[in-house]
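Working notes for the structure below.
None of the values given here were measured: they were computed from a predicted structure.
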Amino acid sequence: MGFNPRLAPYSISFVMDADPGADETFTLLRFPTAGKFLNAWATNTAAVATATNTLALYLAKASTAYAHSIQGTLGSWSAGSTWAADTTRPVTVTSFGSTALFAAGEALLLQYDETTSGTWTEMGIQVDYQLGYDTGVTPSAASEPAED
C-alpha cells in the first residue's frame, strides 16, 4: 500500500502555564471525524520531585456524551518518579485495542492527578494523532494478485 497523505500523523501542542493545584480534566482534542491516537510527550520547566510534587497525567478516551464517559486510559506519565526540568517524557502507552480508535465527536482527555502538594511553573504536552484509520486485514504476499 502506498503513502496516503490523509492518514499522515498530525501533532497538537498544549501549554499549561500554571499548576492547577488540584485534580483536573482537560479536553485536548475532539475528533471531527474518525481517528486514532498515536503517542504523546510532556515537558516541564521545573523539576518534579517524588517527595514533594507527586503527580500523574493520564490520557483517556471519552464518549460523545455531554458528561464524558471515560472509555479507557490510553497512557500515562505516572507518579513516583522524579522528573527533571526541561526533560521530555514519553507517555507510557497502555494496551490499546480499540481504545486508540475514536469515532467522530469522541474526545481525547488529559486527566491531571495531583496526589500531594507542590508546584511547577509550566508544562507542555504534545499529542500525535491521525484522522482516519485502516481497520482492514494486513496484506500478505499470498493475498496479492498474480503477476502476468
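Annotation: the span from F31 atom CZ to Q130 atom CD amounts to 9.0 Å, rounded to 0.5 Å. How far CD of E106 is from CZ of F37: 14.5 Å, rounded to the nearest 0.5 Å. Note that CG of L38 is 11.5 Å distant from OH of Y10, once rounded to the nearest 0.5 Å. Atom CH2 of W41 and atom CZ of R89 lie 14.5 Å apart (nearest 0.5 Å). Atoms CG and OG1, on N44 and T87 in that order, are 7.0 Å from each other to the nearest 0.5 Å. Once rounded to the nearest 0.5 Å, the distance linking CG of L108 with OH of Y129 reads 10.5 Å.
Every residue meeting the side chain to side chain contact (heavy atoms under 4.5 Å, CB included) condition with S11, not counting sequence neighbours, appears here in chain and number order: Q126, D128. Applying the side chain to side chain contact (heavy atoms under 4.5 Å, CB included) rule to L28 yields the partners F14, L59, L110, V127; only residues at least two apart in sequence or on another chain are considered.
The shortest heavy-atom contact between Q111 and T25 is CG-OG1, 3.9 Å. Between M16 and Y112 the shortest heavy-atom distance is CE-CD1, 4.4 Å. Nearest heavy atom pair, residue A104 against residue P32, reads CB-O, 3.8 Å.
Looking only at distances, no side-chain donor or acceptor of E122 sits under 3.5 Å from a matching main-chain atom of G124. K36 places no side-chain N or O within donor-acceptor distance of the main-chain N or O of P9, the cut-off being under 3.5 Å.
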